[in-house]
Amino acid sequence: MNFLELAETFAIMEKTTSRLELTDHLVLILKKTPSDIVDKIVYLIQGKLGPDYESSELGIAEKLIIKSLSLVSGHSLNEIQNKYSVIGDLGEVAYNILTNKIQTTLVHQLLTIENVFETLLKIAKVSGTGSLDIKLRFIVSLLNNSSNLEAKFIVKLILGNLRLGIADFTLLDAIALTFTGDKKNRRILERAYNVSSDLGKIALILSKGSIEDIQSISISLFIPIRPMLAERVSNPSEALEKINGVALAEFKIDGERIQIHKKGKRVELFTRSLENVTSNFPDIIKAFDNIETKDLIAEGEVVAINPENNKYLPFQSLMRRRRKYNIQEITAAYPVILNLFDLLYYNGSDKTHVTLLERRKLLAKLFGKQKKSDKIKLIDQINVSRIEEIEIYTEKALKNGCEGIMIKNPGSQYRAGAREWAWMKLKKEYSGEVTDSVDLVVVGALHGKGRRVGKYGALLLASYDAERDVFCTICKVGTGFTDNTLLTITDKLNKHVIKHKHPRVESGNTKMDTWFEPKIVLEIISPEITLSPVYTTAIDRIKPEYGLALRFPKFTGKIREDKSAEDATTVKEIFEIYRDQLK
Ligand code: ATP
């Protein structure tokens, strides 16, 4: 299949602002795709070269693209740089330059999806001395054989800024429609996706096989499972109502969720957004050496500690461990411990179908009694059945530096990717009268004035409507930013600028200077949620033409790097917080 066909589809999708139309275009291209490359098409549509956990990132600097474009076109580096300054997008620059080439190559090779994909993979994989030259050669060879449209999207893919606005849900709909003829089958695909985290693989299996093959996809070691999530409750009695009887209460530690996969001596770690972070935690990996099991998949919260008194440190300290270089020094400077709370796989068998109580017993057997490492602990847990017990335990958790407690149903299974009442979080802020932190996605911005010239002044934020897979605006935030955080956020946002409002953003009549692809998630506090004619969260649900808005929103300083846009606080949650406020 020619790459040009995909480039043409990308060009149409880029201009499409309706999610249904996007789905139609996806179905059209998937139908045309030969079955053995369906996975590759799916990854390319996602702007990737494989599932998230494999992290084949291209990581190419803009300078290398500019150099390649100069070599291919005969235009000078300066000319290209100047065009880039005016146009602001190297994909568009490539399109423009290859439309007006000074020199032409004699021999053209037709670009197929396979050879573009393979070359991109090679570019991602090559490392070591001389790798820059090799990368340059690969990029030049691709661009030499490209039309202007192909070049535009090859450059966007290489730079990781193909912004088509296609969410996993939309792709799942399109895959279900293409290969089963019925969108309803998305549910089955979704379950498979939750345990395999690989949309390309699902499309490939379906294109060659049947829905039964998808149903038989199961948990595999070293393939991260999408995590089970918690609903929020605002007081102990609300939690007890949902459980009926005895519940398990655990510390809710403010660190980072880690999924551990181990087989023999091999251990790998994945974050909640399925990123492989094995290399960031050599100390944790070593600690698992002492745990004798054939295999396991476990989950826990890794947290930075103060080595002098073993007290938990805030999330920000842990983030210092997330770097690529000088891992040894940083490991010594910021010690961490892992607090385990779940076991999903053990001794060759999937444990997600056994009860939490059973899973916890197994965990205790493996990690509990003899303390095999002071780096790995079982998370603090008790049984609760009365309001006072929960209150006392919450106090204890807060005194120990936790952000609250988790309350879990002991009879529940582990439901990958689901947010359900089997797990509930009771946080400090929810019990207070005023603040309540939520995680919201930045979808637009107004330019800064005065001291903020050159940065963004106010950011338009949105909650996530999980039922419809769209983002609904909820407030503009301009406070809580230091000069430094504003600079960091501006840099991050600049990578996601788009020309028009994103197709998955519902913003009513709100006008913005800049729009973004929904990617960056910020933690926000606000004293109150109010009705507003301006914002679209839960619009028409309480009063016609009114949505919900955060009053006096303030950024807490925490960029939720561990969350994707679809992990943001949902419209449903906002609605529930609003309702609780009225009680
Ligand atoms: P929040 O924004 O409240 O930190 P979240 O939105 O990241 O939470 P939730 O599913 O709402 O995710 O809350 C569960 C998260 O809390 C888990 O992903 C995990 O990182 C963390 N956590 C801390 N302690 C526990 C625990 N004992 N059991 C489960 N998760 C825990």
Side-chain angles (χ1 to χ4, degrees), residues 194 224-234 239 247-260 269-275 277 298-304 312 314-316 318-319 336-344 356 359-360 363-364 367 377-382 384 390 393-394 396-398 400-410 412 414-431 435-441 463-464 466 521-525 556 558-570 572-574 576-577:
N194 283 333
I225 298 150
R226 289 163 49 82
M228 176 159 175
L229 302 169
E231 292 280 359
R232 58 175 80 204
V233 285
S234 44
L248 296 177
E250 293 171 356
F251 277 6
K252 185 177 195 306
I253 298 172
D254 189 16
E256 182 168 35
R257 185 170 184 160
I258 296 283
Q259 199 173 88
I260 306 101
L269 309 178
F270 300 93
T271 62
R272 153 187 186 145
S273 48
L274 315 183
E275 197 187 333
V277 286
E299 273 192 341
E301 192 83 355
V302 67
V303 62
Y312 302 145
F315 178 77
Q316 278 79 356
L318 181 69
M319 282 301 109
V336 297
I337 56 165
L338 176 66
N339 299 274
L340 291 172
F341 55 74
D342 220 318
L343 184 71
L344 317 190
L356 174 60
R359 304 201 302 274
R360 175 71 187 205
L363 258 191
F367 297 93
K377 287 189 5 185
L378 279 188
I379 212 152
D380 197 275
Q381 187 194 59
I382 61 163
V384 289
I390 298 183
Y393 191 60
T394 309
K396 177 179 167 194
L398 297 181
N400 277 278
C402 297
E403 54 175 359
I405 62 166
M406 300 289 293
I407 298 166
K408 299 182 180 175
N409 188 333
S412 60
Y414 188 96
R415 298 243 305 122
R419 192 184 287 278
E420 292 178 347
W421 294 103
W423 286 18
M424 287 168 276
K425 52 183 174 181
L426 180 61
K427 287 213 267 186
K428 163 174 70 177
E429 304 101 39
Y430 308 157
S431 43
T435 45
D436 198 347
S437 87
V438 284
D439 299 319
L440 300 170
V441 192
S463 60
Y464 178 54
V521 180
L522 305 181
E523 189 180 75
I524 304 291
I525 45 170
T556 63
K558 188 163 169 181
I559 306 173
R560 294 295 309 244
E561 313 251 14
D562 59 329
K563 283 198 165 184
S564 70
E566 289 78 15
D567 294 322
T569 302
T570 59
K572 189 169 148 252
E573 286 177 278
I574 300 283
E576 277 158 12
I577 300 173

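Both counts, for ligands and for their atoms, begin at 1 and track the order of listing. We use all heavy atoms of the structure for the numbers below, so side chains are in, but hydrogens, waters and symmetry mates are not. Values in this document were obtained by computation on a predicted structure and should not be read as measured data.
In this structure, Ala230 is part of the shell of residues with a heavy atom less than 4.0 angstrom from ligand 1.
Contact annotation: for Ile253 versus ligand 1, heavy atoms closer than 4.0 Å belong to the backbone alone. When non-hydrogen atoms are compared, ligand 1 lies under 4.0 Å from neither the backbone nor the side chain of Asp562. Contacts between Glu523 and ligand 1, counted as non-hydrogen atom pairs separated by less than 4.0 Å, are absent for every part of the residue.
Here the options are Arg360, Arg359, Gln259, the test is side chain to side chain donor-acceptor pair (under 3.5 Å), and the partner is Asp342; only Arg359 passes.
The structure places CG of Asn339 at 8.0 Å from SG of Cys402, a figure rounded to the nearest 0.5 Å.
Between Lys558 and Asp254 there is a salt bridge, since at least one side-chain N of the basic residue sits less than 4.0 Å from a carboxylate O of the acidic one. Salt-bridge annotation for Glu523 and Lys563: absent, with no side-chain N of the basic residue lying under 4.0 Å from a carboxylate O of the acidic one. With respect to the salt-bridge test (charged N to carboxylate O, under 4.0 angstrom), the residues Glu256 and Arg272 do not qualify. The pair Asp567-Arg560 does not meet the salt-bridge criterion, since no charged nitrogen lies less than 4.0 angstrom from a carboxylate oxygen.
For a threshold of 3.5 Å applied to N or O pairs, the pair formed by Phe341 and ligand 1 contains no separation below that value.
Numbered from 1 in the order shown, with element, the atoms of ligand 1 that lie under 4.0 Å from a heavy atom of Lys563 read 2 (O), 5 (P), 6 (O), 7 (O). Close contacts between ligand 1 and Arg419 involve ligand atoms 9 (P), 10 (O), 11 (O) [criterion: under 4.0 Å to a heavy atom]. Within the listing of ligand 1, atoms 26 (C), 28 (N), 29 (C) sit less than 4.0 angstrom from a heavy atom of Lys408. Atom numbering of ligand 1 starts at 1 in the shown order; those under 4.0 Å from a heavy atom of Lys425 are 1 (P), 3 (O), 5 (P), 6 (O), 8 (O), 9 (P), 11 (O), 13 (O). For ligand 1, the atoms lying closer than 4.0 Å to a non-hydrogen atom of Met406 are 25 (C), 26 (C), 27 (N), 28 (N), 29 (C), 30 (N).
When the options Arg257, Glu256, Lys252, Arg272 are ranked by their closest heavy atom to atom 5 (P) of ligand 1, first place goes to Arg272.
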